[in-house]
Protein chains: 2
Amino acid sequence: MKKLPLIAAFLAVVVSGSAKIVTQPVAYEHAGVKLEGFLAYDDAKVTTAKKAPGVLVIPEWWGLTDYPKSRAQQLAALGYVAFAADMYGAGVTTGDPKKAGELAGQFYGKPLMAERAQAGFDQLLKSGLVDAGRVAAIGYCFGGSTCQALAYSGASLAGIVSFHGSLIPAPAGAAAKTKAKLLICHGAVDPFISKEEIDGFMKSMNEGKFDYQFVSYAGAVHAFSNPGADAIAKSAGIPIAYHPAADQRSWAHMRAFFAEIFAKK
Amino acid sequence: MKKLPLIAAFLAVVVSGSAKIVTQPVAYEHAGVKLEGFLAYDDAKVTTAKKAPGVLVIPEWWGLTDYPKSRAQQLAALGYVAFAADMYGAGVTTGDPKKAGELAGQFYGKPLMAERAQAGFDQLLKSGLVDAGRVAAIGYCFGGSTCQALAYSGASLAGIVSFHGSLIPAPAGAAAKTKAKLLICHGAVDPFISKEEIDGFMKSMNEGKFDYQFVSYAGAVHAFSNPGADAIAKSAGIPIAYHPAADQRSWAHMRAFFAEIFAKK
């Protein structure tokens, strides 16, 4: 059976309080790779006649697991149209850091990173529910880096939010192209992100006069926003951890950022 | 005539929209110096029977000018009891950076910095309007540094917010005493705050396991929150400037911070 975008085999309705969140797998394709993303919105708040700001969600290097899907649902509950993108291929996820490194490694430093994310962005718009002038991308870990790359590519984004993402200094020519404002949410004691990496990133931001905010959260390490990080740390043997305060604070900062960038002119 | 604390010669009521902000000069004394602070609250929201969180406001090195008073009024409009403290002496203000440097220079590196701020804190509590378990201090420039010193002294603060303050690394022994969470709002291209100063501050925060957030705002220099900064820059010949986006963002971050630290347990 041919997969049709947005005509999903499965459509779930989550009733939580007064919010009715519709979730929907979305099949799409990029550069010959079959992908499957995850759309979420509140159909009491959003319709094709009553469009809302859109938020693209780029997963951690583990792929499109339940975690980015749960974020898409939270965003939907806030009234946004959220689309958790698939970067790897339909159903491709892993809990093995070696495999995750290989999967994410296809993208770092290559145009494919922004291009694959752009394919997700296009699917978000194809929902027909999004006010195209008010779209942001958020991402976690590898997904945070991907958001940076997507911004640098000149994508029509009002803003991006990187949660514990590796930091990609803006490449030459990016300043003139970038439309997005950047909010970088960083774990202050993240052992995966060196001081040199931070300094290089900040330098490129300041020199390129990017519109950015960089927040360091005390005590937080890599994956600080993921409530499942401690379990993954144990099974995968890597120094990541959930940090409830940093999670709540960075989410609050994202919301303040959205209030700014989605404000109607 | 003897000045009586809280029995003010002058009491102003500002009617703005539905809010009715009461403002009141408050005479007090510290270490033989006669001081005059500025209390502000909304008497429709706050009474001795209906206490509210309190916010101490520490001025820039110019002294207790209209700027910190305007911030106290804004905080009052949000429902807080605000007290803009006097650090220098009743009526002592200046627009001359040399004089301001001398005035502020009495405090840097000395216990007097926290002690004089604590005297203001005590006056805030003496208003009888404040829920003593929910008090924060915010400060601008020199006042931001003073908030840091006040936190390190062990003051009973839920949090402090430093706006474009010089950064004081936590001294030995401060980590065990400090009760306040810290929100540091920093202009990313502030020429008055060196990279070494930032690095030293962050190191002391991380080593002491302080509960802090450090935010860098793109394009912002010293005094970014002060709408009068451009005029002062011209008259005083120093590289400061108002930055509307950084002002609005840091204020939003302060509000999110207050929502966290003032939440009832």
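A, B, ... follow the sequence lines: proteins, then strands. Residue 1 opens every chain.
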Does atom NZ (B:K209) have a neighbourhood of more than 12 heavy atoms from anything else shown, all under 6.0 Å? no
When you look at NZ of B:K203, are more than 12 heavy atoms from neighbouring residues, nucleotides or ligands closer to it than 6.0 Å? no
Looking at B:R249 and A:Y212, what are the two nearest heavy atoms and their distance? NH1-O, 4.3 Å
Proximity breakdown for A:F210 and chain B, heavy-atom pairs closer than 4.5 Å: backbone
Who among A:Q213, A:Q248, A:H253, A:K181 has the most heavy-atom pairs with chain B under 4.5 Å? A:Q213
Taken to the nearest 0.5 Å, the spacing of A:F214 CZ from B:F214 CZ works out to 10.0 Å
Working to the nearest 0.5 angstrom, can you tell me the gap between A:D199 CG and B:D199 CG? 6.5 Å
For chain A, find its close neighbours in residues 188-197 of chain B: heavy-atom separation under 4.5 Å, sorted by number, or none. B:A188, B:V189, B:K195
Counting only heavy atoms closer than 4.5 Å, note whether A:E260 contacts chain B via side chain, backbone, both or neither. side chain
side-chain contact (heavy atoms from CB on, under 4.5 Å) between B:S216 and A:M202, intermediate numbers included: CA-CA 10 Å; B:S216 292; A:M202 298 286 267; 3.8 Å; yes
